[in-house]
S.K.: 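Before we start, here is the structure in question, set down as structure tokens.
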Amino acid sequence: MYSNRVDTVERLIASTRELLWERGYTGTSPRAVQQRSGVGQGSMYHHFAGKRELALAAITRTAEEMRVMAEERLSLPGTAAETVTRYLRREREVLRGCPVGRLTQDPDVMSDPVLRAPVEETFRWLSERLARVLQEGLRRGEFDAALDPRATADALVAVLQGGYVLARAADSTAPFDRALDGVLGLLAARTATAPPAGPAAARTSTA
């Protein structure tokens with residue numbers, strides 16, 4: 001019984017997530033969810049009070065998965081620049097857009113404080129998490145002192161999300177790739193240059 005209940009709830013959430021990504025909130029009708037999930041109307045309303053509650057569960061799940069995927073890459077060893085590059089360059093369904101980012105273009109989601117909350121929290125978390133990576137790099141001397149970790153983190157998130165928009169507009173991943181090339185190039189320009197080794201350093205290195 002418990003297994004069947006979990007399976008039904010998961011199918012409803014998974015189907016709603018897909019429909020929100022494809023059609024937005026308005027296009028995600030209860031009937032569409034039922035057809036996609038194979039769950040009947042009675043069973044759907046047994047688990048969820050209505051479309052809004054189901055949408056909240058789906059949006060929350062999508063936001064949680066985005067954070068988990070980001071953390072997996074941002075917590076791996078490496079320099080700050082390597083960490084940021086690894087996160088930005090990960091495999092993505094660029095032409096489908098970011099499943100969380102696309103919700104920001106949905107007026108029905110953005111006008112509802114409850115539905116908007118997981119979206120807002122996720123982007124705030126991502127910016128703060130990237131800022132911590134950059135701050136640690138700054139502390140280790142990987143960047144010059146002019147780098148502003150928080151402002152740079154916001155710029156990274158903005159370029160990433162804007163890259164999705166440009167790619168979808170052009171129906172090509174090329175603008176997305178160029179946007180990442182550009183922002184990573186700007187970050188590289190802030191990488192601290194190690195001073196040339198002098199005689200003392202040479203002696204130390206060969207001792």
Side-chain angles (χ1 to χ4, degrees), residues 13-14 17-18 20-22 24 57-106 109-110 115-194:
I13 292 175
R17 291 176 63 189
E18 293 171 0
L20 285 171
W21 198 357
E22 295 168 8
I59 292 169
T60 300
R61 178 72 61 80
T62 297
E64 288 171 348
E65 286 195 3
M66 178 175 168
R67 290 172 64 163
V68 168
M69 291 176 66
E71 183 60 34
E72 286 177 352
R73 288 159 178 79
L74 294 173
S75 60
L76 292 173
T79 67
E82 289 169 347
T83 299
V84 169
T85 300
R86 180 170 53 235
Y87 169 67
L88 293 182
R89 297 290 194 193
R90 75 167 179 81
E91 186 176 348
R92 302 171 186 272
E93 294 186 78
V94 175
L95 295 181
R96 291 191 70 190
C98 172
V100 178
R102 288 192 66 179
L103 292 170
T104 65
Q105 302 170 45
D106 192 321
V109 173
M110 290 296 99
L115 296 179
R116 185 180 70 243
V119 178
E120 181 181 356
E121 290 166 5
T122 296
F123 282 119
R124 182 170 59 247
W125 173 86
L126 180 58
S127 183
E128 290 172 352
R129 185 67 180 85
L130 285 167
R132 291 200 302 274
V133 170
L134 295 170
Q135 182 64 54
E136 179 61 18
L138 191 62
R139 186 191 66 79
R140 294 194 299 250
E142 296 171 9
F143 302 111
D144 65 48
L147 180 82
D148 182 330
R150 187 54 192 271
T152 303
D154 284 346
L156 290 170
V157 175
V159 169
L160 178 61
Q161 291 301 315
Y164 281 119
V165 173
L166 293 175
R168 285 174 59 80
D171 194 27
S172 167
T173 61
F176 180 88
D177 294 333
R178 286 196 299 269
L180 296 193
D181 288 343
V183 75
L184 289 173
L186 292 173
L187 185 62
R190 288 296 187 186
T191 301
T193 303

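Numbers for residues simply follow the sequence, beginning at 1.
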S.K.: Which pair of non-hydrogen atoms, one from Gly97 and one from Tyr164, has the smallest distance, and what is that distance?
M.R.: CA-CD2, 3.7 Å
S.K.: Which heavy-atom pair separates Arg89 from Asp177 by the least distance, and what is that distance?
M.R.: NH1-O, 4.0 Å
S.K.: So, taking the atom named CG in Leu126 and the one named CD in Glu71, what distance separates them when rounded to the nearest 0.5 Å?
M.R.: 10.5 Å
S.K.: Are side-chain heavy atoms of Gln105 and Val165 found at a separation under 4.5 Å?
M.R.: yes
S.K.: Between Glu142 (side chain only) and Thr79 (backbone N and O only), is there a donor and an acceptor less than 3.5 Å apart?
M.R.: no
S.K.: Can you tell me how far apart CG (Leu115) and CD1 (Ile59) are? Round to the nearest 0.5 Å.
M.R.: 4.5 Å
S.K.: With rounding to the nearest 0.5 Å, note down the distance linking CG in Asp154 to CG in Leu130.
M.R.: 9.5 Å
S.K.: Show your working on salt bridge (Lys or Arg N to Asp or Glu O under 4.0 Å) between Arg139 and Glu136 and close with a plain yes or no.
M.R.: CA-CA 5 Å; Arg139 186 191 66 79; Glu136 179 61 18; 2.4 Å; yes
S.K.: Less than 6.0 angstrom from the centroid, inside 45 degrees of the normal: does Arg92 satisfy that with respect to the ring of Tyr87?
M.R.: yes
S.K.: Between CD of Gln135 and CZ of Arg140, what distance do you get to the nearest 0.5 Å?
M.R.: 11.0 Å
S.K.: With rounding to the nearest 0.5 angstrom, report the CZ to CZ distance, Arg168 to Arg96.
M.R.: 9.5 Å
S.K.: Show the nearest heavy-atom pair for residues Pro175 and Ala167, with the distance to one decimal.
M.R.: CB-N, 4.2 Å
S.K.: How far apart are the closest heavy atoms of Thr83 and Gly78, and which atoms are they?
M.R.: OG1-O, 3.9 Å
S.K.: Measuring only between side-chain heavy atoms, which start at C-beta, is Phe176 closer than 4.5 Å to Leu160?
M.R.: yes
S.K.: Just how far is it from atom CD of Glu18 to atom OG1 of Thr62, taken to the nearest 0.5 Å?
M.R.: 10.0 Å
S.K.: Would you say the side-chain atoms of Arg116 pair up with the backbone N or O of Val109, donor to acceptor, closer than 3.5 Å?
M.R.: no
S.K.: Would you check if Trp125 and Met66 make a side-chain contact, meaning some heavy-atom pair closer than 4.5 Å?
M.R.: no
S.K.: Looking only at heavy atoms, what is the nearest atom pair of Val100 and Phe123, with distance?
M.R.: CG1-CE1, 3.7 Å
S.K.: Salt bridge (Lys or Arg N to Asp or Glu O under 4.0 Å) for Arg102 and Asp106? Distances and angles first, verdict last.
M.R.: CA-CA 7 Å; Arg102 288 192 66 179; Asp106 192 321; over 6 Å; no
S.K.: Of all heavy-atom pairs between Arg61 and Ile13, which one has the smallest distance, and what is that distance?
M.R.: NH2-CD1, 3.6 Å
S.K.: Under a 4.5 Å cut-off applied to non-hydrogen side-chain atoms, are Leu187 and Leu147 in contact?
M.R.: yes
S.K.: Between Arg17 and Glu65, is the closest basic N to carboxylate O distance under 4.0 Å?
M.R.: yes
S.K.: Flag the pair Arg132 / Leu74 as yes when at least one side-chain heavy-atom distance between them is below 4.5 Å, and no otherwise.
M.R.: no
S.K.: Taking the side chain as every heavy atom from C-beta outward, state whether Thr60 and Glu64 have any atom pair closer than 4.5 Å.
M.R.: yes
S.K.: Between Arg73 and Arg86, is there a donor-acceptor pair closer than 3.5 Å when you use the side chain of the first and the backbone of the second?
M.R.: no
S.K.: Does the side chain of Leu166 reach to within under 4.5 Å of the side chain of Arg178, using non-hydrogen atoms?
M.R.: no
S.K.: Answer yes or no: is there a side-chain heavy-atom contact under 4.5 Å between Val183 and Leu88?
M.R.: yes
S.K.: Taking Ser127 for its side chain and Arg124 for its backbone only, find out whether a donor-acceptor pair lies under 3.5 Å.
M.R.: no
